[in-house]
Every structure is written in structure tokens, then in C-alpha cells.
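Both ligands and their constituent atoms are indexed starting at 1 by order of listing.
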Amino acid sequence: MSSPNYLESSPVSLSSQRRRKSAFSYRQLSQLASSATSCPLRVIAHIDLDAFYAQCEMVRLGIPPDKPLAVQQWQGLIAINYPARAFGLNRHVTITEAVKLCPGLIMQHVATWKEGDEKWAYHEDSFKNMATHKVSLDPYRLESRRILAVIKDHLPASPVSKVEKASIDEVFLDLSTHVHGIMLERFPELKGPPPYDDPTEQLPRPPTTALEWDTDALVDLDSTETEDDDPDWDDVAMVIASEIVRGVRAKIYEELKYTCSAGVARNKMLAKLGSAHKKPNQQTIIRNRAVQHFLSDFKFTKIRNLGGKLGDEIVAAFSTDTVKDLLEVPVEQLKKKLGDDTGTWLYNIIRGEDHGEVNPRTQIKSMLSAKSFRPSINTLETAVRWIRIFVADIFSRLVEEGVLENKRRPKTLNLYHRQGAQTRSKSASIPMGRTMDEALLFDAAKGLLAQVIADGRAWPCANLSLSVSGFEEGVTGNKGIGGFLLRGDDAKAISAALRESSKPRNPETPPPSKRRRVEESGIQRFFGARQESSGAVSEKEEREDFREEAEEAHSPFDIPPSAQLRSDDVSRSHAGEQRVESTKDNGRYTCSRCNSSLLVTEQGEHDDWHFAKDLAADLAAEERTSSAAREQSRPPSTSSSKNPAAQPKNKGRERPPNVAKAEKGQKKLKFG
Ligand code: CTP
Ligand code: CA
Ligand code: CA
């Protein structure tokens, strides 16, 4: 519910008497200037593109905005524009149903990589070729970058405004410093030193009694508040922020013809809820005095970090899924049932308290290309063909990252292989002494595949994923420290650089000395004479997290797993100990890992989602291990997994996921 768009106002309703002082102090105003996360005047925005992939296709194809369009991936729909949604279409309808519901529907298949191609392309028959094509989301990634560039261009440079790309189609903005500057310009009385030079003195009240909210959707105020109260500085800050956001949105439309929705509030959690509140092409403001009203209408399972197992546990513990009911529960009781940290965190979050920082992150830290095989693949030749596609995919992205100019260069190549319930990974250092090209990556990747095969039990293979990570800046002269390794013989160097990653997750794998050698001669022939590394390459690799990939795996919010990762190119399940088992009933089943009730037809996708989560958690864990020395104080359960469900249940010690640390969603994997 929102109020009509007329002049609105005001703050703390202490009484009918007008207070002469603001509720905010000079110190708090200066905290606004420095974007302090604890500042009560803080202004954060979240911008989310409307039906993003669908809009990308409409813009690319020049389709008028009122035409219904859906983006197809194989036999499913992954994005539906708003005109098509009016016909009742959503991501879960089949193509047949979609055409029945909306006869004029334009269906555009996503771009794909085809074996042997240098680049992804829009292939007319791609939907028939799931077995030989691989989805490419590059077109959307590129549009995402252009949009980000427009946003940044329109705002003052960091640190005056901070921009965090939160997923392929969303950003958070910390506008605090920027808004502070505008406030001082508009209200010079704020500039003066505080009375008695005491920063705890309260500010004068704003000289206005009403604020112009323009076209924004305002969330209704809390029941204890009234619109008759005069505005305070937090309202003023919100109005200014909403003007800025409206300007950014207009610019995106003007320059690139994309519409988006936005939320403006005092923190990320609320801003994110705000952007989803009214769609498409609208912005919602959650004033501080409206927070409680706004939140109490939500199920807490919609709040970031509460969508998974943790949310389910809370539902079970308190027999409710509404914020309203949970607000009644005393903090002591929350702590008793959930542990001190989680209890306190939950207590605050349902009261709209979130001090998460907006982190400007621009650098891609890793890239991943993956494919699930349904049915599984059984031959080396097929696997190598896929590896060639992965390499082309990753290499084209590396080129965009400036690898040809040696701006940045990844140090590590990783191959993941899944057979049945078992996932294995192999890593190699990418030789520094050679120009990075496809052949170099392809050779190294084949070497990793050879190791997997040498371990035995390679077939049938259900998933292969290749990634590069450990980016280094400005490698000069293309002759890094690895140069000396390469004298004479590149192949040897690559081979020497190959090393196994730690494989604790598969206790059944025999140690290297006992590995099966049966296939070796064949492999050696295939890959060219190459010796396996002595295993002496012990250089410690710094694992980077999968940020860019993360960005694309959808919202930092916990939408149900069944609705999240949709790519067919995501692999399923994970190491044996975490095999997804489920109980089925009437076309539905309950996932044993997260207890979600899902349609059996959603199972593949859902399992993929767990796999991706696990993989991301593993990578984050490895990264953590390698950076443990640097950050000893960080508790093991923080910032690793985005899924509270994936975290060990250890009450008391358990800390709510990512509180004031890395935001959820930042490390999700992107596939395709
Ligand atoms: N996406 C996907 N699979 C999902 C969820 C999202 O492939 N399970 C893709 C969609 O195609 C989408 C983009 O990620 O275009 C962004 O997702 P999201 O913001 O959740 O949805 P939108 O399609 O942008 O729609 P909305 O207007 O509701 O934001
Ligand atoms: Ca969106
Ligand atoms: Ca989104």
C-alpha cells in the first residue's frame, strides 16, 4: 500500500506541538557526509531492471515496448516481459502453455555457443540442440555493463557515491555523501558549527512542512505516525535521494531504452524490498517512519538470508512465517532458540536494522563456464569438445577484461568434473611466460581433464565446469615469474605447472601413486606426450571468489531455490556426502537438503541450485583458507556460503550469514 502522490511530510510525532529541534544531531549529519553505516540519516537505493533478459532482447531486436516477449532457453522460459505477464505468463509455464495463453507471444531463444564457433551467436535452431550448444548470457552481461556505466556516469565519482553491482540486473547505491552535499547547498543553516561546538546538539528542524515526492510510491507510515507531522532531515534526505534515483533511471532510459524499478530506504535490505514493491518502471520510498508498517506485511522468509533453511528453522521454532508475529517474540527467546548471534541478528533485521555496507566492486575475480550433460557424456572426445567451447567462452571474456593488453591476467585454471554423486576438481597454474591465448588455456584444460581421467571413474560424466581465477593486475612484459619455467618447451612447462588441487571431498580417490593407469597410454597419445607433474608445484594459490559469476546468479535475496538458477548449464548435486535425496509424493517432492516442497519437474533445476551453492561455498571456503592468515578474526561461518542452509548448524557459535560482511549473492556462481 502506498499513499497518493501528493505533498507529504514528516518525522517523529512526539505530540501535536511542533518540536523546534530535529531528532537528529550535528554528529549524525556529519556521519551522513562520511556514509557511516550506523548513520540514522543514511540513504541507500536499489535499482533492478524490469524483466531484464526480455528487455535486452526487445532493445536488441527493436521490438515495441507493448509487444509480449519471452526469452526461451531450450524448452523453458527464463524471462517474461510485462506485456506478456499480463497474459498470465510466468517462468514456470511451458512453451506450449505460453503460446496458448498469449498467442502473439514473441519467443526469443538465448544466444548459444556452438562447437567450433569463435563466438556465441543467436542460432535459429538452438532450442533443438541442447546436446551440442551451450547457453551464453554474454549479451546480457554486456548490456548490464553498459547500464552500469550510465549509472556511474550520472553520479559523482566514488567515494561521493558508491555503486555496488549486486547481480546482472541490479545495483545498490549509497547516496549518503552525495545527499549530504545537496542538503548543505539547499539548507545552508546546516553548515554552521553546532551550538557550543557540541556535536551532540540537535539540528534545527527543516524549514519545510511538506516535501515533494513527485511520482514516487510512498509506503504508508507506521500506525504510530501521521502524515501531519512536519518532515525531519531523514525525510529530506530521502526526497533528495529519490530525485537522484529518478534522474538515474531517466538517464538509463534515455540512453539505452531500459526501464527499471528502484527502492530508496535507509539500508540495503529495505531498499531491495522497495525496488520489488512496485514494478515495472516505478520507485518506492520507505521512509524511516514507514519501516515497521512496510516490514510487518512481509513474510520474513522473503528477507535476505531468511529464505533457506534458517528461515524454515525459524518458522518451525516459532510456528509463524510473518514478521508481524515474530516482532512479538522477545530477543531472549530468539537467542535461546537460535543462538545468541542469530537471535540478535534476527531481532534487528525484522525491525529494519541492517548496517550492510555498499561495496563498490568493479573487478571481476573469476570466470566460469559450465555445462550439465543430460544425458551424461561418455567419451574423451566429447569432453574435449566441450572444453574447447568453455575455453572459447572464457577467453572471449578475458579479452574484454584486457588480457591481451596484459591489464589483468588469471593465475589459475580449475576444472570441475562430476560423475554420479562425486565431484572432483583439478587446478593448474596458468604459465606466466606466454601470451595468454586460447591454445594455452586449451592445453592446460586438457591437461586437467587428463588428470581426472587418470584418476579413473570419469564416465559417465554429468557435468564439466572450467574456471579461471586469481587475477593479477598489470602483468608487464608478458614475462612473469613463470618465464624461466618455460625455456625451450611450452608443453613441458604447462605439464609441470599442472597440479592437483586438494581433494578431501572424495575419500575414495586413491592417492596419486595408486591411481589407475589403464587409460594412460591412450590419454598420452591424445594430449601429446606430456608428463604428469611430480606434484612438487606447491606454490600457494590464492583462490578468488566467484564474484562476477556470483553477480549473475540472481538476487542477493533468498528467492526459493526452485525459482533461482535456471540455467541448464548448471550442474547438479555435489560430493557424495551431500547427495540430494528426496521424497516424492503426488508430483511433488521434498528436498532432503532444504526441506522445500517442490514440483518433481523442478527437481533438476533445484538440484542444480544446491550444486551451485555448494560449489560456491567450497570456493569461498578455499579462498578463506588461503586468506585465513590475513583475516584471522573472521568466524568460519561468515561470508562463506550465501545459503544459511549450507552452513553448519552450530547454535551459539553460528553467526547469521554475512551480517555486515560480504553480502549474500556476491559469491554466487554464474553459469552459462
Ligand atoms: N533469471 C533466470 N532464472 C531465474 C531467475 C532470473 O534466468 N530463475 C534471469 C531472468 O531472465 C531475468 C534476470 O535473471 O531477466 C534477472 O532476474 P530478476 O530480476 O529476478 O527478474 P526479471 O526478469 O528482471 O523480472 P523483474 O522485473 O521481476 O525484476
Ligand atoms: Ca529484474
Ligand atoms: Ca534482479
Side-chain angles (χ1 to χ4, degrees), residues 45-60 65 68-86 89-93 98 107-111 135-144 147-148 164-172 249 252 258-263 268 271-284 302 304 307 370 549-570 596 598-599 601-602 604-610 612-613 663-666 668-672:
H46 181 258
I47 298 181
D48 183 288
L49 274 290
D50 301 321
F52 183 51
Y53 295 177
Q55 275 204 87
C56 288
E57 295 302 341
M58 306 208 9
V59 167
R60 182 178 72 87
L69 176 144
V71 178
Q72 184 181 348
Q73 180 174 295
W74 314 132
Q75 295 306 312
L77 299 178
I78 57 168
I80 289 136
N81 75 359
Y82 281 82
R85 290 186 202 187
L89 266 54
N90 60 47
R91 284 187 189 131
H92 298 289
V93 305
M107 278 188 289
Q108 174 60 49
H109 198 279
V110 294
V135 165
S136 171
L137 299 180
D138 270 11
Y140 311 139
R141 211 179 275 129
L142 294 172
E143 289 304 284
S144 176
I147 294 165
L148 188 65
E164 172 182 327
K165 189 172 190 261
S167 84
I168 195 166
D169 80 330
E170 54 203 81
V171 292
F172 284 105
R249 291 175 47 236
I252 297 171
Y258 287 100
T259 68
C260 56
S261 300
K268 289 170 88 172
K272 166 92 189 170
L273 286 172
S275 69
H277 189 61
K278 296 243 165 180
K279 273 189 156 269
N281 203 16
Q282 290 182 75
Q283 63 187 57
T284 299
K302 294 270 183 276
R304 187 171 55 198
E549 282 71 33
E551 286 166 6
E552 328 242 333
H554 320 303
S555 71
F557 239 113
D558 268 331
I559 46 179
S562 64
Q564 285 204 353
L565 288 165
R566 160 162 298 253
S567 169
D568 72 306
D569 292 351
V570 171
S596 301
L598 296 144
L599 290 172
T601 52
E602 293 172 331
E605 189 185 332
H606 183 79
D607 292 353
D608 284 350
W609 180 81
H610 277 297
K613 289 279 202 187
E663 285 299 313
K664 193 172 167 62
Q666 284 178 11
K668 281 182 183 166
L669 293 167
K670 142 82 171 77
F671 298 83

Point to revise | Non-hydrogen side-chain atoms of W74 and H109 separated by less than 4.5 Å | key: yes
Study note, to complete from the structure: Between N81 and A51, the two heavy atoms sitting closest are CA-CB, 3.7 Å
Check your understanding: In total, how many protein N/O/S atoms does one find closer than 3.0 Å to the Ca ion (ligand 2)?
Key -> 3
Point to revise | pair H46-K268: side-chain heavy atoms closer than 4.5 Å | key: no
Review point. Does ligand 1 have an atom that lies less than 4.0 angstrom from a heavy atom of P280?
Key: no
Practice item. Kindly compute the distance separating CD (Q282) from NE2 (H277), expressed to the nearest 0.5 Å. Key: 9.0 Å
**Study point:** Partners passing side chain to side chain donor-acceptor pair (under 3.5 Å) against E143 (at least two apart in sequence or in another chain)
**Key:** R146, Y258
Practice item. Return yes when R91 approaches ligand 1 closer than 4.0 angstrom through a heavy atom, no otherwise. Key: yes
**Study point:** ligand 1 contacted by D169 (non-hydrogen, < 4.0 Å)
**Key:** yes
Review point. What are the atoms of ligand 1, with element, lying closer than 4.0 Å to any heavy atom of L49?
Key: 24 (O), 27 (O), 29 (O)
Point to revise | pair L49-Y140: side-chain heavy atoms closer than 4.5 Å | key: no
Check your understanding: Which option, Y53, Y82, Y140, owns the non-hydrogen atom nearest atom 15 (O) of ligand 1?
Key -> Y53
Review point. Any side-chain heavy atom of M107 within less than 4.5 Å of one from L77?
Key: yes
Exercise for review: Take every heavy atom of H92, measure it against each atom of ligand 1, and state whether any distance is under 4.0 Å.
Suggested key: no
Review point. With sequence neighbours excluded, what pairs up with N281 under the side chain to side chain donor-acceptor pair (under 3.5 Å) test?
Key: R249
Review point. Which of the atoms of ligand 1 are close to F52, meaning less than 4.0 Å from one of its heavy atoms?
Key: 15 (O), 22 (P), 23 (O), 24 (O)
Exercise for review: For D50, check side chain to side chain donor-acceptor pair (under 3.5 Å) against everything at least two apart and list the hits.
Suggested key: T259, S261, K279
Check your understanding: Under 3.5 Å, N or O to N or O, is I168 touching ligand 1 that way?
Key -> no
Practice item. Return yes or no for this condition: an N or O of A54 is under 3.5 Å from an N or O of ligand 1. Key: no
Review point. Rounded to the nearest 0.5 Å, how far does CG of L142 lie from CZ of R60?
Key: 12.0 Å
